[in-house]
Protein chains: 2
Amino acid sequence: MEEKPQRPGPKRSLSATRIVDAAMELFDGESPSIRGVAAHLGVRPNTLYTYLPDRAALERALVDRLLAEADPDLLLGRKGWRKRVEDYACALRGVLLGRRGAAALLHTAPMDGPTAALVGERLLAIFVAAGLAPDDAARATYVVIVHVLGSATLTAADLNGRGEEAVVAERMAIQMDAQYFPLTAATWPVVARWNTEDQFRWSLQVLLVGCAGSA
Amino acid sequence: MEEKPQRPGPKRSLSATRIVDAAMELFDGESPSIRGVAAHLGVRPNTLYTYLPDRAALERALVDRLLAEADPDLLLGRKGWRKRVEDYACALRGVLLGRRGAAALLHTAPMDGPTAALVGERLLAIFVAAGLAPDDAARATYVVIVHVLGSATLTAADLNGRGEEAVVAERMAIQMDAQYFPLTAATWPVVARWNTEDQFRWSLQVLLVGCAGSA
DNA sequence: TCCTATCTCTGTACGGCGTGCAATATTGCA
DNA sequence: TGCAATATTGCACGCCGTACAGAGATAGGA
């Protein structure tokens, strides 16, 4: 199991895994930078380039770590398929909102890691089991992914580290001009809660109903 | 109409508008930086701070410019409401994909400009006219916004300046392991086209159907 | 007309970022 | 023991946003 250094040269003091670990630890508060992670590991920045080709590689690794923090097994089980998707989506949303800048990362780096593949496959299976043709199931999967990531990113930008209720309160304090934007003004209590988990669940259900209807 | 300098001091050589103009011109190819825009205007970087408090302000202004490039009047007219939403959404998608980094900007800077308010109000009106209760119309509006921005951002990251067909071809060349990911492998021709306008339109319709069903 | 308060723009600088390159120190193998 | 391969470092470059002090331009008041 252990890799033996068959090659000459000094022992490695780090590993890609340890670097990603350190980056995850630093993730609270600031977005991880090469220099920051290196400092956290007590090492010069360029040392990391022995293990990673560039910053983008660190970001890709972080993306898969983040994805793995939301348990994909939530997509399995005996509950109704809509409930399972909702549970997993909420878990993933929680992960993305839990660390500042996490949601933005997901949009930057491509999601081609093993966890992403697993989640995709399971979503596909759910939609096929729900009666969709495979091709439609694939499209529906994309709809769900887009919604979770898109919503989480917008919400993360809006929260910016604050609590959900604080943001809602701040929004509620804004007065929309009822003359030019009557409907916006009239529905402001709802609009102010756009970036809440309630709205997230509502959107998701609407979405899933639409997908199911396309069978 | 013209602002007269009632105050002492030299004439201004620029204006916030001209700075945003310059930033928009530079937008093709690289994301606009304070230093880049200043160089484009033949001026030292700090000069911009006479007109803008910081870089975030430039980004906010750019967001509204970008939004304004997709004609909000597409949401009006005599066509069916779903068609109108689709036309506008596709136009906005085109704008966001037309300039590199534009989609990411939308997620970074808050959308509180006048154009965003106008679009929100018109979407609300469409959903209300379609029979939704005002509160549900507000939620549906959010669903549409999330989808357009989320999808455009994912697609922009995937395209990365290349053409749609080039990306599809590249994806098609990937072989998914049919043992571990049988459904993904089976639907690969569809999955490979996730970031296309076709898929975008399909998703949007599914979404709108779901919203309409929630009336 | 000159003075002075005010405003714009510049020079310079700081601290941060990612990362390339040459040198150094460490190791395994012949 | 020496050689070749390798990890880590010091240094440097070119970006970035932006703070601060000073120089020059301009208006109103004397």
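Predicted model only: the values in this text are computed from it and were never measured. Labels below follow one simple rule: chain letters A, B, ... track the order of the sequence lines, proteins then strands, and each chain is numbered from 1.
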Write down the distance between [atom1] ([X]) and [atom2] ([N]), rounded to a whole number of angstrom.
X	N	atom1	atom2	value
B:Leu58	D:dG17	CG	C1'	12 Å
A:Ile34	D:dT9	CD1	P	14 Å
B:Ile19	D:dT18	CD1	P	13 Å

With sequence neighbours excluded, residues passing side-chain contact (heavy atoms from CB on, under 4.5 Å) with [X]:
X	answer
A:Ala185	A:Met176, A:Ala178
B:Ala38	B:Val43, B:Pro45, B:Leu48
A:Leu62	A:Val20, A:Ala23, A:Met24, A:Phe27, A:Pro32, A:Leu58, A:Leu105

Selection [range] - residue pairs positive for salt bridge (Lys or Arg N to Asp or Glu O under 4.0 Å), sequence neighbours left out:
range	answer
residues 102-124 of chain B	B:Asp73-B:Arg122
residues 198-207 of chain A	A:Glu86-A:Arg201, A:Glu197-A:Arg201
residues 163-185 of chain B	B:Arg93-B:Glu164, B:Asp158-B:Arg171, B:Arg162-B:Glu170, B:Glu165-B:Arg193

Side-chain N or O of [X] versus OP1/OP2 of [N]: is the shortest distance under 4.0 Å?
X	N	result
B:Ser13	C:dT8	no
A:Arg7	D:dA5	no
B:Lys11	C:dC7	no

Fill in: Five-pair end axes of the helix from C:dT1-D:dA30 to C:dA30-D:dT1 and the angle they enclose, rounded to 10°
20°
Practice prompt. For the pair A:Phe200 and A:His147, name the ring-plane relationship: parallel under 30°, tilted 30 to 60°, perpendicular over 60°.
Written response: parallel
Item to complete: Can you figure out which of D:dA5, D:dT6, C:dA5 approaches the side chain of A:Pro10 most closely?
Response: D:dT6
Discussion item. From C-beta outward on A:Arg55, which listed nucleotide comes closest to its side chain: D:dC16, C:dT19, D:dA27?
Written reply: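 In terms of side-chain proximity for A:Arg55, the closest of D:dC16, C:dT19, D:dA27 is C:dT19.
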Worksheet item: Which pairs with one or both residues in residues 35-47 of chain A pass side chain to side chain donor-acceptor pair (under 3.5 Å), sequence neighbours excluded?
Response: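 Qualifying pairs, neighbours excluded: A:Glu25-A:His40.
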Practice prompt. I would like to know whether A:Trp202 and B:Asp136 meet side chain to side chain contact (heavy atoms under 4.5 Å, CB included); could you show each step before the answer?
Written response: CA-CA 10 Å; A:Trp202 188 95; B:Asp136 284 340; 3.7 Å; yes
Fill in: Closest-nucleotide ordering on DNA chain D, the 5'-leading residue of B:Gly9 and B:Pro32
B:Pro32
Discussion item. Please determine whether any donor N or O and acceptor N or O are separated by less than 3.5 Å between the side chain of A:Arg35 and the base of C:dG18.
Written reply: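 Such a pair is found, so the answer is yes.
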Item to complete: Taking only heavy atoms on the protein side, list every residue of residues 37-52 of chain B lying under 4.0 Å from any atom of DNA chain D, sorted numerically.
Response: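 DNA chain D contact set from residues 37-52 of chain B: B:Pro45, B:Asn46, B:Tyr49.
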